Amino acid sequence: MILINFIITYVWDILNFPNTIAGKFTGLITNGRITNVQLKPPLGCSFCMIFWCSLIYLLIGKYAILPAIALSLLNAMLSKVTLYTITLIDNIIDKIFRYLDSVINK
């Protein structure tokens with residue numbers, strides 16, 4: 001379930017994949033007049049997608065409905081923490097590479 005959280009947070013919040021695909025599809029349909037599309041929940045919201053994917057995953061795994069809903073909501077509540085963690089790791093790695101680049105190019 002944590003893997004579901006990381007994947008959806010990365011794809012929805014960092015890569016902005018659903019809005020990009022929706023913008024390209026809308027641009028194709030409208031001959032390029034409309035390309036800036038912001039999807040609304042449940043498709044445009046990583047919190048909603050994490051909840052629904054986790055719930056479906058747990059229900060397929062034959063968990064009882066109330067614990068499945070509780071675990072799915074808990075997993076979805078961690079989406080912001082996951083986003084901040086991924087961003088922090090990305091910034092740390094970026095700073096390390098910039099430092100190594102400055103040391104190598106001296």
Side-chain angles (χ1 to χ4, degrees):
M1 291 215 353
I2 297 298
L3 189 57
I4 290 172
N5 190 332
F6 275 102
I7 291 169
I8 292 176
T9 299
Y10 189 77
V11 170
W12 257 253
D13 291 335
I14 295 175
L15 294 180
N16 200 19
F17 182 74
N19 288 329
T20 303
I21 295 299
K24 291 188 186 299
F25 184 69
T26 306
L28 183 68
I29 291 174
T30 62
N31 293 326
R33 290 179 295 188
I34 302 172
T35 56
N36 189 11
V37 176
Q38 293 296 319
L39 294 175
K40 302 290 184 216
L43 294 177
C45 171
S46 64
F47 179 86
C48 300
M49 289 306 297
I50 291 170
F51 171 73
W52 288 113
C53 289
S54 297
L55 185 62
I56 290 168
Y57 174 76
L58 289 172
L59 291 177
I60 288 173
K62 305 216 187 314
Y63 280 87
I65 189 74
L66 286 176
I69 291 172
L71 284 173
S72 298
L73 282 172
L74 179 64
N75 194 23
M77 299 257 317
L78 295 174
S79 66
K80 291 298 179 193
V81 173
T82 306
L83 175 63
Y84 296 144
T85 304
I86 291 172
T87 306
L88 178 67
I89 292 170
D90 183 47
N91 288 338
I92 290 170
I93 291 172
D94 185 50
K95 288 190 190 294
I96 290 171
F97 278 116
R98 286 178 192 247
Y99 173 73
L100 290 175
D101 187 44
S102 68
V103 168
I104 291 171
N105 290 330
K106 276 189 176 180

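All values below were derived from every heavy atom in this structure, side-chain atoms included, with hydrogens, water molecules and symmetry-related copies excluded. In this text the structure is predicted, and so the values were computed from the model without any measurement.
Nearest heavy-atom pair, S72 versus S54, reported as atom, atom and distance to 0.1 Å: OG-C, 3.3 Å. Shown here for L58 and A68, the closest heavy-atom pair between the two residues is CD1-O, 3.5 Å. In this structure, D13 and S46 approach most closely via the heavy-atom pair OD2-OG, 2.9 Å.
Put simply, the side chain of M1 does not reach to within 4.5 Å of the side chain of N5, judged on heavy atoms.
I96 and I89 are not part of a single hydrophobic cluster, where members link through side-chain heavy atoms under 4.5 Å apart. Under the 4.5 Å side-chain heavy-atom criterion for ILVMFWY residues, no single connected hydrophobic cluster contains both I93 and Y84. Cluster annotation: L55 is connected to L73 through the hydrophobic network of ILVMFWY side chains, with a link wherever side-chain heavy atoms come within less than 4.5 Å. Tracing side-chain contacts under 4.5 Å through hydrophobic residues (I, L, V, M, F, W, Y), one never reaches Y63 starting from I56; they form parts of separate clusters. One hydrophobic cluster holds both L59 and I69 under the rule that ILVMFWY side chains link at heavy-atom gaps under 4.5 Å.
With rounding to the nearest 0.5 Å, the separation of CG in N16 from OH in Y10 is 12.5 Å. A distance of 12.0 Å separates CZ of F51 from CG of L74, quoted to the nearest 0.5 Å. Taking CZ from R98 and CG from N91, the interatomic distance works out to 9.5 Å, rounded to the nearest 0.5 Å. Expressed to the nearest 0.5 Å, how far SG of C53 lies from CD1 of I4 amounts to 6.5 Å. Between the CG atom of L78 and the CD1 atom of I2 there is a distance of 6.0 Å, given to the nearest 0.5 Å. Annotation: the span from D90 atom CG to K95 atom NZ amounts to 11.0 Å, rounded to 0.5 Å.
With respect to W12, the side-chain contact (heavy atoms from CB on, under 4.5 Å) criterion is satisfied by exactly one of S79, C45, P18: P18. When each of L88, T87, V81 is paired with T85, the side-chain contact (heavy atoms from CB on, under 4.5 Å) condition holds for V81 and for no other.
Not one N or O on the side chain of T26 forms a donor-acceptor pair closer than 3.5 Å with the backbone of G23. A donor-acceptor pair is defined here as one N or O able to donate and one able to accept, closer than 3.5 Å; no such pair exists between the side chain of T9 and the backbone of F6.
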